[in-house]
Amino acid sequence: QVQLVESGGGLVQAGDSLRLSCAASGPTFSTLAMGWFRQAPGKGREFLAAISRTGGTTNYAESVEGRFTISRDNTKNAVSLQMNSLKPEDTAIYYCAATSSTPVMNWTPRSEGRYTYWGQGTQVSVSS
C-alpha cells in the first residue's frame, strides 16, 4: 500500500508562486509514476502534470505548461509541484496521485483512471 500526503496549499494573490509537496509512504516509490490533479468547485478532476518513475520524463496539461513544474526526489519519497504566475482560475483542491508499480521507465499517464493511490488533497486559493 502507498499513502500520499499533500502539503503546501494556501491563499495567495494572482501572480504569486506556491510549491506543493507530496510525501509518499512505502518502499516502492521509485517504481511508481506520479501525477498532480486538481478539482475546482462544480468541475471534474483535471490532469495537471505527471512524472515518470525515474523523473526523466514529464507531461503537462496545456493549461499549466510553462507555469507549473513537477519534480520528484526518490531518495526522499517525495514529489513536488512548483506553481508560478498563479491565476484565480487555478483555485481548486490539488491532489497527488501514484500509479501501481510499473516497469516502464518513461510512463507519464494523463488519465486519472491510471492512478491507483490518491492523497487527501490540499486547497489552493488564488485571489485577484
Side-chain angles (χ1 to χ4, degrees):
Q1 280 287 348
V2 175
Q3 291 187 327
L4 304 173
V5 180
E6 303 98 335
S7 62
L11 173 63
V12 297
Q13 293 187 332
D16 285 351
S17 296
L18 206 56
R19 186 177 183 88
L20 303 182
S21 297
C22 175
S25 65
T28 63
F29 182 74
S30 64
T31 69
L32 314 177
M34 301 295 296
W36 284 97
F37 291 75
R38 69 185 178 190
Q39 187 166 17
K43 296 188 177 181
R45 195 170 292 184
E46 175 190 13
F47 167 78
L48 298 177
I51 189 165
S52 63
R53 53 177 285 185
T54 64
T57 304
T58 56
N59 194 349
Y60 293 95
E62 292 76 8
S63 60
V64 303
E65 189 158 20
R67 295 192 300 128
F68 291 10
T69 302
I70 189 171
S71 60
R72 69 187 294 161
D73 185 342
N74 285 350
T75 66
K76 297 181 179 178
N77 281 19
V79 63
S80 297
L81 185 70
Q82 176 66 41
M83 305 186 294
N84 297 330
S85 302
L86 284 163
K87 306 174 183 180
E89 51 263 44
D90 292 319
T91 295
I93 299 175
Y94 284 67
Y95 296 92
C96 172
T99 66
S100 297
S101 293
T102 175
V104 182
M105 293 296 184
N106 62 351
W107 192 37
T108 54
R110 300 170 68 97
S111 169
E112 63 177 291
R114 296 291 189 177
Y115 292 85
T116 303
Y117 306 101
W118 293 83
Q120 82 289 349
T122 186
Q123 176 71 47
V124 172
S125 299
V126 185
S127 63
S128 57

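The minimum heavy-atom distance between T116 and S100, with the atom names listed, is OG1-OG, 2.7 Å. Across all their heavy atoms, S128 and A14 have their closest contact at CA-CB, 4.3 Å. Looking at every heavy atom in both residues, L86 comes nearest to S17 through CD1-C, 4.1 Å. Looking at every heavy atom in both residues, R72 comes nearest to S52 through NH1-O, 2.8 Å. Among all heavy-atom pairs drawn from V2 and A24, the shortest one is CG1-CB, 4.5 Å.
Here W118 contributes atom CH2 and E6 contributes atom CD; the two are 9.5 Å apart, rounded to the nearest 0.5 Å. Taking OG1 from T58 and CE from M34, the interatomic distance works out to 14.5 Å, rounded to the nearest 0.5 Å. One distance of note links OG1 of T54 with CG of N106; it measures 8.0 Å at 0.5 Å rounding. Here I70 contributes atom CD1 and C96 contributes atom SG; the two are 8.0 Å apart, rounded to the nearest 0.5 Å. Distance check, rounded to the nearest 0.5 Å: OG1 of T122 to CZ of R38 gives 14.0 Å. Note: L32 CG to I51 CD1 = 12.5 Å, rounded to the nearest 0.5 Å.
Residues L18 and W36 share a single hydrophobic cluster, defined by chaining ILVMFWY side chains whose heavy atoms lie under 4.5 Å apart. Under a hydrophobic-cluster definition in which Ile, Leu, Val, Met, Phe, Trp and Tyr are linked whenever side-chain heavy atoms come within less than 4.5 Å, directly or via other members, L20 and Y60 are assigned to the same cluster. Following chains of ILVMFWY side-chain contacts shorter than 4.5 Å, one can reach F47 starting from I93, so the two form part of one hydrophobic cluster. Tracing side-chain contacts under 4.5 Å through hydrophobic residues (I, L, V, M, F, W, Y), one never reaches Y115 starting from L4; they form parts of separate clusters. By the criterion of side-chain heavy atoms lying less than 4.5 angstrom apart, applied directly or through intervening Ile, Leu, Val, Met, Phe, Trp or Tyr residues, M83 is not grouped with Y95; the two fall into different hydrophobic clusters.
No side-chain donor-acceptor contact under 3.5 Å links D73 to the backbone of S80. Using a distance-only test at 3.5 Å, with no hydrogens or angles considered, a donor-acceptor pair links the side chain of N77 to the main chain of G26. For S85 (side chain) and R67 (main-chain N/O), no donor-acceptor pair under 3.5 Å exists by modelled atom type.
No side-chain donor from either of T108 and T57 sits under 3.5 Å from a side-chain acceptor of the other. With 3.5 Å as the limit, one finds no donor-acceptor pair spanning the side chains of S63 and E89.
Using a 4.5 Å heavy-atom threshold, the side chains of L11 and Q123 count as separate.
Taking the ring centre of W107 as origin, the terminal cationic atom of R114 falls outside the region bounded by 6.0 Å and 45° from the ring axis.
Taking a cutoff of 4.0 Å between a charged side-chain nitrogen and a carboxylate oxygen, E62 and R110 qualify as a salt bridge.
Taking the six-membered ring for Trp and thresholds of 30 and 60 degrees, F68 and Y94 have ring planes inclined between 30 and 60 degrees apart.
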Check against side chain to side chain contact (heavy atoms under 4.5 Å, CB included), F29 and K76: CA-CA 9 Å; F29 182 74; K76 297 181 179 178; over 6 Å; no
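Partners of S30 by side chain to side chain donor-acceptor pair (under 3.5 Å), not counting sequence neighbours: none found.
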